[in-house]
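For reference, the structure is listed below as structure tokens.
Every chain is numbered from 1, with letters handed out A, B, ... down the list of sequences. Computation of the quantities below employed the complete heavy-atom set of this structure, encompassing side-chain atoms and omitting hydrogens, waters and symmetry-equivalent molecules.
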Amino acid sequence: MAQDVVLLVGTAKGLFRFRSRDRHSWQEEGPDFLGAPIYAAVQDPRSGSLLAGVNDIFYGPSIRRSHDLGATWDQGGCDLSYAPGDPEEVLRVWSILPGPADQPDLLYAGVEASGLFRSLDGGDSWQEVDGIRSHPTHEQWASGFGGKCMHTLAMDPHRPGRMFFACSTGGLYRTDDGGNSWEPKNQGIRCDFMPEDQRFPEVGQCVHKFSLAAAPDRLYLQNHGGVYRSDDGGDSWIDIGQGLPSDFGFPVLAHPRRPDTAYVIPLGEGRLPPALQLAVHRTDDAGKTWRALQQGLPAHVFTGVLRDGFRADAHDPLGLYLGTTSGSLFASADEGERWQVVADHLPRIHSVAVAYAP
Amino acid sequence: MITVHLPDDLAAAFGFQNPLQLPAAPTLGDLLTSLDRTYPGLGSRLTSADGAIRPHLNIFLPQALARGEDGPRLPLSDGEDVWVIRAVSGGGDRARPAS
């Protein structure tokens, strides 16, 4: 490997970094922003800079930038807030998405209360994206236990102008015109928390996470109950959770090269791992069957993995990384077959992301 | 002049030594505006978009405790000290105190 892998670990009390050349031996760096909850930290692949959503309890949310892989951070840009008098307030940053390669200064950020911001100057200033909180379905959005958050953003690499966001509760939305108009794409996704005759609404789903697969128009989705696949860009969804010990969970991850392969981390009663065995489940046939991968993951655990606590790197074989709510960080360098502990006793882990360093 | 005492972590982040000396201002809100002009971005750390003092901060004036949306309207006089102090509410992860 020519580059080090750097894991960006957002926790309830700061951002931690772990660096490795071989994906087996890890060195801790940082931490940064100690005491501040972090839900999103990413590397901008265009510049190599790091971006972190810092949700300071005292001073409010900001998106900080580091141009030296975390050695120093700036104070963030301005105007990451709704207009004065708005009935909603920007409370936390939940997701950060760098724009396409041909727009090097374009960034997106999803926030709580659910809304989307855009920066055209690399994060110096932010503006709310129109047409989302004014969408006719917006009044049906509500707050899940984690907050009313826009937690997942993705650009479709196969279809220019197509972008997705998901919010809880609210559901999945798609634009095909670069963000000028948005449509809910939740047909077939079940709401277990609604009465029997109202379980398939247009919006209001508590989508926990979605992930774009390597094939055009294929997505995987973990709902608040139900694991789904779409082969038509979200226009329709197929329930693929039957082979799992529980179809409840938070993260879902599509393999970056194999469109039939995806990963979930089921949680059962009490939002704990089924049989208290922490396990990643993988399908290699687009959801027809699932296999538990747990070698090296602990048994008799009272923990979970949150929606952004599970990520892959870009290597072959695929590296996988998961962080738990009880502060353990695990890594697999062989597509999930075997796992090792990277760190224990961290704060509650909200997010894991992969960066690269020379 | 007005002497402003800010939390040490903010002073370190924005690169100044406590306390700050700022020109006299008729209200706390005017003082905060002046502070943000001097150190761009610092104002948004202390107040939300609608100008209210952030819920986990207390700003002490000689005769009053400034909080919320009414706090910035409090009057100031030349020569006074203003203390910005983090509230007794750390450790959680909610930007708003539990109601």
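For A/Y173 and A/H135, the ring centers sit closer than 6.0 Å to each other. Checked against the 6.0 Å centroid criterion, the rings of A/F165 and A/F210 do not qualify as a close aromatic pair.
The aromatic rings of A/F18 and A/F16 lie parallel to each other, with less than 30° between the two planes, well short of the 60° mark.
Most heavy-atom pairs under 4.5 Å with chain B: of the set A/S62, A/G77, A/G76, this distinction falls to A/S62.
Residue pairs meeting the side-chain hydrogen bond (donor to acceptor under 3.5 Å, both in side chains) criterion with at least one partner in residues 14-25 of chain B, sequence neighbours excluded, are B/T3-B/Q21, B/D8-B/N18. Identified under the salt bridge (Lys or Arg N to Asp or Glu O under 4.0 Å) test for residues 62-71 of chain A, with sequence neighbours left out: A/R65-A/D74, A/R65-A/D124.
By a heavy-atom distance cut of under 4.5 Å, B/S44, B/R45 are the residues of residues 35-46 of chain B near chain A, going up by number.
For A/T152, the side chain to side chain donor-acceptor pair (under 3.5 Å) test picks out A/K209, with sequence neighbours left out.
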